[in-house]
Structure formats: C-alpha cells, structure tokens
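Following: one structure in structure tokens, then a few remarks.
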There are 2 protein chains.
Amino acid sequence: MKVSGHHRITIKDVAAAAGVGVATVSRVLSGGSASPETRERVLAAAARLDYRPSALGRNLRQRRTGGIALLVPDITDTFYGRLTEGVLSCARSAGEPVMIGATGDDPELEAELIGTFLEQSVDRVIAVPCGDADTWTPALRAGLTVVFAHRRPPGRDDVPAVLSDDRLGVRTAVEYLAGLGHRRIAYLGGPGQGPRLRAFRDTLAALGITLDDELVVSARAARDSAYAAASGLFQHRPDLTAVLAGGNVLGEAAVLAARELDLRLPRDVSIVMFDDVPWAELCSPPLTVIAQPAQDIGYRAAELVMRESARRTRDTVLPTELLVRGSCGPRR
Amino acid sequence: MKVSGHHRITIKDVAAAAGVGVATVSRVLSGGSASPETRERVLAAAARLDYRPSALGRNLRQRRTGGIALLVPDITDTFYGRLTEGVLSCARSAGEPVMIGATGDDPELEAELIGTFLEQSVDRVIAVPCGDADTWTPALRAGLTVVFAHRRPPGRDDVPAVLSDDRLGVRTAVEYLAGLGHRRIAYLGGPGQGPRLRAFRDTLAALGITLDDELVVSARAARDSAYAAASGLFQHRPDLTAVLAGGNVLGEAAVLAARELDLRLPRDVSIVMFDDVPWAELCSPPLTVIAQPAQDIGYRAAELVMRESARRTRDTVLPTELLVRGSCGPRR
DNA sequence: AAACATGATGGAATCGTTTCCATGAAGGTC
DNA sequence: GACCTTCATGGAAACGATTCCATCATGTTT
C-alpha cells in the first residue's frame, strides 16, 4: 500500500486492495452484479481506503457531466433567488451539482454562458432566457436538455417551460383595479414580458378601456433603469391613477418614485406588483401583489430537466394569487 | 470528413482536417509554440469545424476542473444573493464556471456538499461556513484552495477570509443607540455570529452598561425561527428599548414582530439592522442600518481564491457603514 | 564541412472511470 | 458424459484532452 505523498486513491488501488480487477470494483460500486462475497470484499476495501470515485473519469467516459446548469438574469433579485433555491433543493435530493450563471438579461452574455456550459459538457440546462430563439439552437443541436423557467423566447416551442400563469395574474389584477374605478392604468414592465403585456392589452380591451400607449413603459433589468422608468412615468403622465408593476424590482422602483414625488399610496396612486416579497408587508401601506410560486417554478423545472422525457412535454403553468393588501384604493 | 450522426468534434478531427498531429493542435490552441503557417492552418480548421475543446478531457488530464464552488447558507437571502453576484462577476471575467450549493446553515449538509465538490474535483471553494473547523479538514487535505467569506469557523486560522468589519459595525451601532439614551439594548442574532456577539458584549462593557443575558437571543437561519425569536424577545422583555438585528432576515422579523405587537418605531422601540437592503428605505419609518459591502466581499473572495497565493494570505476586512434613517429615536 | 544548437512536429502515454468481450467455472438437461 | 446456459470475473479499449519525448529539418558555429 502506497502511503507517501499526495496520491489520489483510484479504483485501481481499491482493486488491488480487494484482490480483484478494476471492472469488478466498478460494477460493485455502481450496483452491477457480483457475488456477495466479492461485493463485501470490495466494499470493505473501498471503505478502508476512503475511496471516492472521481467524477472526472466517469464523466469523460460517459461523455456527460450529469450536473445541472442554471441561468438567471439576476441572482440579486429575490424572485430568482427563490427560483434558484427551488432548483437547488431538487438537485440536492438527486445529488446533482448545480452550475449557475447570471445573464443580466443580456443576450450576448447569455450566449457566452451557454458556450461555457457546452464546453463543460453540461447536459441539462434550466434557464430564464433573455435571448431570442436562435440563441438556443446551438445548445439544442449539441443535445442538451433544456427547460425554460418563468418565460420563454418567442418561437421556441420545442422546449418545455415552467411558467406562472401570467395571463390570469394580469387579468385578475387589472380587473381588480378596474373594479376600483381606475381607467388610466399603467404597465411598468421589464425585458421579456411579452405575454404579460399582451394579457394587459387584452384585458383592457375586454373591459372596454382604450389602451394608452404612453402608459406602457419598459425598463432594463437594473435597479436604476427601473427607477428612471417609474419616475418618468409618474412625471410624464400625472393623470394616471394606477400602476401594475411587472416584478419586485419594478414595484420597488414605483413605490420609491411615487414617494419621491409625494404621491401618496393609495390615495394618489394605486400600485399592484408582480411577485410577493417579504418586504411587501413591511411597506406602508403594505403592497397588494400578485404572488408567484417562484420556488416551485424552480423545483418543477429541475424535476423536469432530470426526467428523460423532458424533451417532449407540455408546458407547466402554475397559478398565481392576488394578495390584496393596502396599496390600492378607489380612483381619486 | 464524417458527417453522419451525432459526433462531437474532437481534437483529432481538427488535426486530420489541418493535416497535422493532435499534439500540434493542442499546442496551437493553448498558446504553445508553432510555426505561423501551421498555426493558421490549425486555427482555420478549428473555426471551420466549429471545434470547442471539451473541458472533460482537459480536466481529467490535468486532474482539476478549474471551476469555483460557492457555498452559502441561503440563496434566498439578498445578502447572499449580492455576495453571489460578486463571485459570479469575478468568475465571469476569468471565464470560470461556478458551482453553487445552499447549506441552510446545516453543518451536516455542508459536509455533504463539500463531499460532492471533492468528487467533482473542484479545486477552489468559496464558503460562508457553518460547520466547525474539522468540517474543513478533509477538503484542505485534498488540496482544495478555500476562502471563507462573511465569517469563519472558530479556530480555522489557516484559511484566509474576506469579512466585513463586524466589530466596528457593532460598536458604531451600539454607541449610536447608547448616545440616544438606550440602556436596555437587545441583540437578535443568527448562527455563526460569534464575533458580533463578542463585539456587542465588549461595547456594552466599554460603555458601562451591564449586559442582560436575556436580551441576547439567537435564531436559526429560517424566517419563521427569526420571527419567533423576535416576537418572543419583545413579549418576554417589554422593557427593552432598542434592538440590534444581526441580518436582514432578522431585521425584517423584528419589524414585523414589533408591528404585530403594536410597538411603534421609533417611539416605542428603536431598531438597527445589519445589512442595507433596498426595502430598508421603503419601510416606514425607513430603517437605520449597518451597510455591508456584500457584493464586494464576494468579488474579493473570488479574486483571492483564483490567485495562486491564496493559501498564505492575511484576512481582508472591509468597512461597514452606519446609515442613519428613521428607525431609531431617543429612549422613551 | 562537420558538429552542434534550435525549434517545429507527431506518436504515444497518461489521467480515472465505464463497458465490451473473452474466459472459465458451475450447474442443468438430455 | 457431452452439451448448453448462466454467471462472475478480469483484461483491455474506449472517452478527449495535455504533455513527454524522440525525430527531423534548419540554421549556426567552429
């Protein structure tokens, strides 16, 4: 038995210690067939030497890493934090390592990160995508199993997605605001919110409210951009009476901007925000929100991406819930 | 040239296409010496075939993965979210993939995740540790480069750490509260906050305030545990006049519990919270906080762990800042 | 012109595993 | 007892890169 120096214990050492061939050790350790007696000898030897199989060797041979790669726009946003937690908890129970990347909602960066993943021979990716459909073509052609979470690039219907029910969420919120008498309702959105915007338009149309294009603004992913958009909206159109914010960062910006301009909630302006976050209750007044099952989205996406059948699966749509708190009031 | 089926382009294909040996291709691609003419031929062939070297083969040969593993207690906590963002942004500029794991502040889970990393032959780890010093012995013996962030297990002084200046942060906050007249100041802490607690005790002692052990409570990492601790504290000791919360989750719990018990801020009770978060300004009154450079901690830790010299380096201590807002008032 | 230094080059070994295949022993059937 | 099936077993070939080393051509020195 070699003791000197830094010598990683390999399957060869175990084989030698147990007096068998490497093939047998491999078989025993990965649950193949072997006589009970041999199995015990191998197991004993492995335990005695404190043998840990190297993922490197295995991965090379099997030409896959078995891990999961996760791509989110911004890990600082608690929504994505919770989504990530969902992925991690599912991956953990399967013993799979998770690689993570933040795209900052930049398609170029996204493509680059996908490249890194390909290089690493990752074979499963969960992504909150920001690029267009073509961004994902190389990944798919390389045989990756991809699952989209939270949103999907328009036109990529060949990849399953786990989404929250944006359509119904928007409709419920807008109907709620309309029910309070609001007519000039603004939508403060972020990148990649096509479906929500469509739902916003459709709902207004169904309610017989004509859409005012100036009341639909869109910010980039960053906090300052969100604030600028919100502030601009309030200043440019002081006649609006309600805002639907398409995410917690945007909601935060809206509240901040309103406060800065001395608009009181809910007297001067009503706000509904997508995504329930802990501070929504701490805010004064507490914020009315559309809660999304962020963690569940992550968990299900992870489940899906680890199933063999991931390639051909229908989308999963999870329900949202309007939590009425104190940030909405009747039209002034 | 083989076209049929799913065939990963390997270095062999490039070598054949360029009419050179694999060794030459490898040399060219990793910046070794080669004649300009050959170099060009190889590069052209590689580009034409869209060749991407497999990290698997390289890693096995070099017996290291080159990635960074990151261990945080809870990715849902924005503090760790920002820390993670720091790590990611540094890793990205170096082109290194990042693996992430959430320990939930559970030493057992931590040990298990370290095991996973070892199996993957990760050779660099950044961790917000929760286990004791021994948890890290196997990792260090296996030759991993480890850097602690945010805190360190007591007694593991052979591993460099990137910390915020807890000692001064606590002192500044407590002195501020004492200056407002407070004497019965509570500390609401979480796991692994030994240094902060010591600083709390020391500062009180220096100020001539006798420490009341009942005013020091500690919660587990979860939100409900934090709330229970905060609520219990207020109910059990209605005579306290100020609370120092050791993290944003604990601060949130304190505000929530105070509100639930109809304690008004800052009239009935003053609160200072560790960690500045976006909602601290949205709270009413806005929260006075001790800001920590979470993102910078992550970035520096990543820088450190990628340097060769990481093993023998002094700790990095980053400054905190007391941001006085509206949650503290004179003793009632 | 012979000896030598230099530099480009390709073959082959290597990393640690899984897996294919050949071998041989044991047991069952006619 | 010959034959076939079943099963455990170990040697060796992958996987895709890096890197050692021998070879060979070229240019330099004496």
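The shown structure was predicted, so the numbers you read here are calculated from the model rather than taken from an experiment. Numbers restart at 1 for each chain; the letters A, B, ... are given by sequence-line order, proteins then strands.
- Among the heavy atoms of the strands, none lies under 4.0 Å from B/S30.
- Between B/R39 and A/L29, the residue anchored nearer the 5' end of DNA chain C, judged by the nucleotide with its closest heavy atom, is B/R39.
- Note on B/G21: only backbone sugar-phosphate atoms sit closer than 4.0 angstrom, heavy atoms only; bases stay farther off.
- Atom CD in B/Q120 sits roughly 13 Å away from atom P in C/dT17 (whole-Å rounding).
- Between the side chain of B/T78 and the backbone N or O of B/G81 there is no donor-acceptor pair closer than 3.5 Å.
- In this entry the distance linking CD of B/E40 with P of C/dT9 reads 13 Å, nearest Å.
- The phosphate of C/dT9 has OP1 or OP2 within less than 4.0 Å of a side-chain N or O from B/S35.
- Side-chain contact between B/V159 and B/V147 is absent, with no heavy-atom pair separated by less than 4.5 Å.
- Here C/dA8 is the nucleotide among C/dA8, C/dT17, D/dG10 with the atom lying nearest to any side-chain atom of B/T38.
- Remark: P of C/dG16 and CG of B/L56 are 14 Å apart, rounded to the nearest angstrom.
- Using bins of under 30°, 30° to 60° and over 60° for the plane-to-plane angle, the ring pair B/W136/B/F148 lands in the perpendicular bin.
- Between A/S26 and the phosphate of C/dT18, there is a side-chain N or O to OP1/OP2 separation shorter than 4.0 Å.
- With B/D105 contributing its side chain and B/P73 its backbone, the two residues share no donor-acceptor pair below 3.5 Å.
- Taking the six-membered ring where tryptophan is involved, the planes of A/F79 and A/H150 are tilted, since the angle between them lies from 30° to 60°.
- Residue contacts for A/I11: at a heavy-atom cut-off of 4.0 Å it reaches a base atom on one of the strands shown.
- Proximity note for A/R8 (side chain, C-beta onward) versus C/dG16, D/dA17, D/dC15: the nearest is C/dG16.
- Atom pair A/K12:NZ and D/dG11:P shows a separation of 11 Å (rounding to whole Å applied).
- Using a 4.0 Å heavy-atom cutoff across all strands shown, A/T10 reaches sugar-phosphate atoms only and no base atom.
- Residue-to-nucleotide contacts include a donor-acceptor pair under 3.5 Å from the side chain of A/R27 to the base of D/dG10.
- The CG-C1' distance, from B/L60 to C/dT18, rounds to 12 Å in whole Å.
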For nucleotides 12-14 of chain C, give me every protein contact, N/O to N/O, under 3.5 Å, one pair per line with atom names.
| residue | atom | partner | partner atom | Å |
| --- | --- | --- | --- | --- |
| C/dT14 | O2 | B/R61 | NH1 | 3.0 |

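- Which of D/dG10, C/dT19, C/dG16 sits closest to the side chain of A/T24 comes down to D/dG10.
- Heavy-atom contacts from other residues, nucleotides or ligands closer than 6.0 Å to CZ of A/R39 number more than 12.
- Between the P atom of C/dA8 and the CD atom of B/E37 lies a distance of 12 Å, rounded to the nearest Å.
- No side-chain donor-acceptor contact under 3.5 Å links A/R82 to the backbone of A/G298.
- Summarising the geometry, the separation between CZ on A/R58 and C1' on D/dA14 is reported as 17 Å, rounded to the nearest angstrom.
- The backbone N or O of A/A45 lies less than 3.5 Å from no partner atom in the side chain of A/R41, so there is not a single donor-acceptor pair.
- When the C1' atom of D/dT18 is taken as reference, atom OH of B/Y51 falls 10 Å away, rounded to whole Å.
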